[in-house]
Amino acid sequence: MQALPPDLRASLYHAVELADDRDLLTIVDRFPAEYQSLVVPLTELAEEFNFHLLFHLLFHLLLDGLQEDEAASGDAG
């Protein structure tokens with residue numbers, strides 16, 4: 001997931017954090033082709049409103065990626 005564009009990762013993290021199923025489904029629809037294998041399971045979890053599991057599955061991956069993005073942007077400036 002860390003290879004997802006940073007804005008898409010951030011949007012996904014916030015949708016999961018807010019338990020926003022509609023937003024999550026919209027974001028998942030924007031996944032690049034190489035991540036299409038994640039679309040079905042993420043969609044199913046969103047449709048089942050299983051944000052507890054989604055949060056645990058995605059939290060560390062997404063948070064680690066966001067922290068790396070922030071560190072990289074800090075290094076660039």
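Computed from heavy atoms alone, side chains included, the values below leave out hydrogens, waters and symmetry copies. Positions are given from 1 along the sequence.
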Taking distance alone, no hydrogens or angles, what donor-acceptor pairs closer than 3.5 Å link side-chain atoms of residues 42-50 to residues at least two apart or in another chain?
unit_1, atom_1, unit_2, atom_2, d
Thr43, OG1, Val39, O, 2.6
Asn50, OD1, Leu53, N, 3.3

Which side-chain N or O atoms in residues 18-29 pair as donor and acceptor under 3.5 Å with protein atoms at least two apart or in another chain?
unit_1, atom_1, unit_2, atom_2, d
Asp20, OD1, Arg22, N, 3.3
Asp20, OD1, Asp23, N, 3.0
Thr26, OG1, Arg22, O, 3.0

Looking only at heavy atoms, what is the nearest atom pair of Phe31 and Gln36, with distance?
-> O-NE2, 3.0 Å
Reported CZ-to-CG distance for the pair Arg30 and Leu12, which is rounded to 0.5 angstrom = 9.5 Å
At what distance, to the nearest 0.5 angstrom, does OH of Tyr35 lie from CG of Leu8?
-> 9.5 Å
